[in-house]
Amino acid sequence: MSPLTVAARYASIAVPIPLRQLLTYRIPDDWTEVPPAGARVRVPLGSRQVVATVVESDAAAPEAGLSVKPIAEHLSGDPMLPPDLLELTRFVSDYYLCSWGEAIETALPPQLPPVRPPRRVVAADANIEVPSRAGRQLRLLERLRSTAEGLAWDDLDTADRRAATALAERGAARVIEAPVEAGRIEAPAIEAGTGPTPTDAQRQALDELEPAIDSRTFDTFLLFGATGSGKTEVYLRAAQRALDAGRAVIYLVPEIGLTPLLLNKISRRFPGRVVVLHSGLAPRERLQAWHRLRRGEVSFVVGTRSAIFAPVADLGLVIVDEEQDPSYKQDEAPRYNGRDIAVVRAKSAAAVVLMGSATPALETFRHAKTGRYTMLRLGDRIADRPLPTVVCVDMRTTYQDSGEVQVLSPELVDELRNCLAAGNQALVLRNRRGWSVALLCPKCGERVGCPRCSVTLTWHRSTSRLRCHTCAFETKLPDACSRCGADELKLIGEGSERVEALLAEALPGARIARMDRDTIRRRGAHAALLEKFDRGEIDVLVGTQMIAKGHDFHRVTVVGVLSADQPLGLPDFRAGERTFQLLTQVAGRAGRGERPGRVVVQAFDPEHPVIQLAARQDYERFYDREIRYRSTLRYPPVAALVELIVRDADELRCRTWARTLADAVRRQEPGRLIIAGPGPAPIERARNLWRQQILVRTAGRRRLVHAVDRALIEIEGEIPRRAIQVDVDPLSVL
Ligand SMILES: [Zn+2]
Ligand SMILES: [Zn+2]
């Protein structure tokens, strides 16, 4: 023991649990090296130990009388967040009201069993005397001195490791680390492609973008252009510009848009210079990609939302393709939106954000109209290809003509037959999985529901199971109604599985395949299906919204949309926006090649303005109409919105807690917040938990977030934090 009194040192640590406060730990007195901010450490938490992150290594001493535990271990071999990303995760935690520790976990690659670089113990200074009572140390030292390369740490037993540590402290031995050799991907020996010559519209957009990229100042652009107008080429050229200037590029794509087709295109242009980062990678692959970026071996990353936290230095450009896509928003804590974090990160890095869409989110288009973002209009399709012709089919007429509710209208079947006869391909959208929508007792009206959720069960014929799409509960088809005993239960409504079967009947001989979450469960199945379609081995691809996303198929001439107006009935203020976006996008898949496209939209209310505007692909008229409605009702983007959901297994307690929380929010900014609820959430019960919803709105986003934060602090101790789900800027309030 040193006779000198060493002043105790403390560190502030973010732990990966839903706890907003930071915790203080003592830095062990015998540590010569203080773990810096961003370092990963192992700390005791309750009865266990967790891996956490140092956010301040020179923290103030805790109040007198408070006992503070020491840090157990400094994990020096683990990924460490650079300062800018540490700051970004703090923003995420403050803005989305989650814990800093949770935000950090999102930014880092997944935790793996400790990846320690292999360590060796070697003899050091031969002049150091080791006392003769330290027998084990002497014996170990003798072994070390007999070999030049020393001994592998992993080969030593616990007692020898302790002896090695003691020898190292005396200076008689050293523990050295061999660096980790992460897998390197060899650059294929092909020349970087240059891509097609930009069109005039693309050139004009680039003429605004390139100086912005060169000037090293923050700016946000919206590249607004019809489907098929050539946005990708602008992204790639802007990326080239940033890379040429020696700066890094992050290219974000929606979950389902990250296809081998897109990756091939990018890697052909930038051979050996691109790394892919998304949650579908195996943990070790993600970790390797992370380290390659951190070491600066590559500076172009393509990935889904979490790639916004890629550890690149000197970020120059962030591309956000299909910026309106809901998959940019994480649906668990931290509920961040990768697109919005892109703007925050770019701002601090003096970088450029380039968002692109044919159907921008209302938020984004509003910023572009008010000048906060710079609008780049790309206009219509390249090579003067016409937008597809859209035909709306009134399903009420079809019903009157045939006397029954039809799934496929004669108009659509005709179009499909002609399309296939001409050797072309078709897409059919039915945005609902399974065979039926519900199982109904025609006698008493009972719909068979999930025992754990307040939703009806969907029949899946392929697995012969009724399934809950909320909690994945499964059961077999009941023989009789549980309420009245009637034994003639009826499957009503049609999902994508049934549409596939009906198409097979209507188009004998056609090669039909289905793409929805049920058929792409297996890893790689999604890519395989898309490639098969691209090669022309499938004639008609049926599916949910995932068939609408970004794919560039040149032989698709017909797109069919079933029940186009159905989502308009959802109790969500974004129902119109989502419907418009989906219809425009799926319609945009038609006629991207030489042959013009036709779209058949089936609806029971084809005159609905949203359907009509989508049929004309008239985004700006849609925007004007929708923004008036949002202004009247004070919904985003005119106001900021936070959704609070209180969940508990006990219905009464859930309601009581929700009232307590709503009251606490109400106390914060009297008269300034619009508070709806508490009331039952649209899905009132899910996974055996009752759900109460509170929607809080006001004009100023900061004011709103602060008010909710203060309310949450006030009710701490009264309501467990796990019972409250906070969603800042929710994309859906269903
Ligand atoms: Zn019944
Ligand atoms: Zn369920």
Side-chain angles (χ1 to χ4, degrees), residues 255 326-327 329-333 335 405 430-498 516-521 544-546 563 566-567 569-572 575 578 643-655 657-658 677-693 720 722-725 727 730-734:
E255 211 72 66
S327 72
K329 175 97 173 169
Q330 180 151 292
D331 59 7
E332 58 185 32
R335 293 169 191 275
V405 178
R430 172 61 180 127
N431 202 15
R432 176 101 202 192
R433 297 187 286 138
W435 183 268
S436 71
V437 170
L439 182 63
L440 175 82
C441 170
K443 277 238 174 82
C444 75
E446 170 84 348
R447 282 163 186 252
V448 179
C450 174
R452 306 163 53 182
C453 313
S454 56
V455 299
T456 57
L457 296 175
T458 300
W459 172 244
H460 286 258
R461 196 174 69 163
S462 58
T463 52
S464 290
R465 280 279 188 277
L466 279 171
R467 193 189 300 155
C468 170
H469 286 178
T470 297
C471 74
F473 166 86
E474 282 193 344
T475 184
K476 59 184 197 351
L477 212 56
D479 298 324
C481 172
S482 62
R483 195 156 88 183
C484 74
D487 58 1
E488 266 181 72
L489 297 174
K490 243 179 114 54
L491 290 167
I492 56 164
E494 72 297 331
S496 53
E497 200 182 15
R498 173 132 185 263
D516 55 30
R517 264 199 286 159
D518 298 316
T519 64
I520 62 155
R521 246 166 244 279
T544 53
Q545 52 173 339
M546 58 179 73
S563 307
Q566 201 176 51
L570 294 173
D572 189 324
R578 286 276 166 269
E643 181 194 45
L644 298 164
I645 298 273
V646 179
R647 299 167 300 184
D648 193 65
D650 185 87
E651 189 183 3
L652 189 65
R653 191 165 53 187
C654 180
R655 275 199 255 152
W657 281 348
I683 294 180
E684 192 182 357
R685 202 161 147 262
R687 297 177 178 84
N688 280 330
L689 296 176
W690 292 91
R691 302 169 82 241
Q692 287 274 317
Q693 184 187 53
R722 59 165 168 78
I724 305 170
Q725 180 184 304
D727 196 348
L731 285 191
S732 155
V733 291
L734 284 178

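Ligands are counted one by one from 1 in listed order, and the atoms in each one are counted from 1 as well.
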(message) Is any side-chain heavy atom of T544 closer than 4.5 Å to one of R517?
(response)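 R517 vs T544: side chains apart.
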(request) Would you indicate whether the side-chain heavy atoms of L734 and P571 approach each other to under 4.5 Å? (result)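 Side chain of P571 against side chain of L734, heavy atoms only: contact under 4.5 Å found.
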(request) To 10°, measure the SG(C441)-the Zn ion (ligand 1)-SG(C444) angle for me. (result)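 Output for this angle: 110°, rounded to tens.
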(message) Take a 6.0 Å sphere around CZ of R461 and say whether it holds more than 12 heavy atoms from other residues, nucleotides or ligands.
(response)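 No, because the 6.0 Å sphere around CZ of R461 holds 12 heavy atoms or fewer from other groups.
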(message) Around atom NZ of K329, are there more than 12 heavy atoms from other residues, nucleotides or ligands closer than 6.0 Å?
(response)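 Counting other residues, nucleotides and ligands, NZ of K329 exceeds 12 neighbours.
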(message) Only to 10 degrees, please: what angle do the SG atom of C468 and the SG atom of C453 make about the Zn ion (ligand 2)?
(response)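 For SG of C453 and SG of C468, the angle centred on the Zn ion (ligand 2) reads 110°.
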(request) If you have a sec, read the angle at the Zn ion (ligand 2) from C450 atom SG over to C471 atom SG, to 10 degrees. (result)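 Roughly 110°, rounded to 10°.
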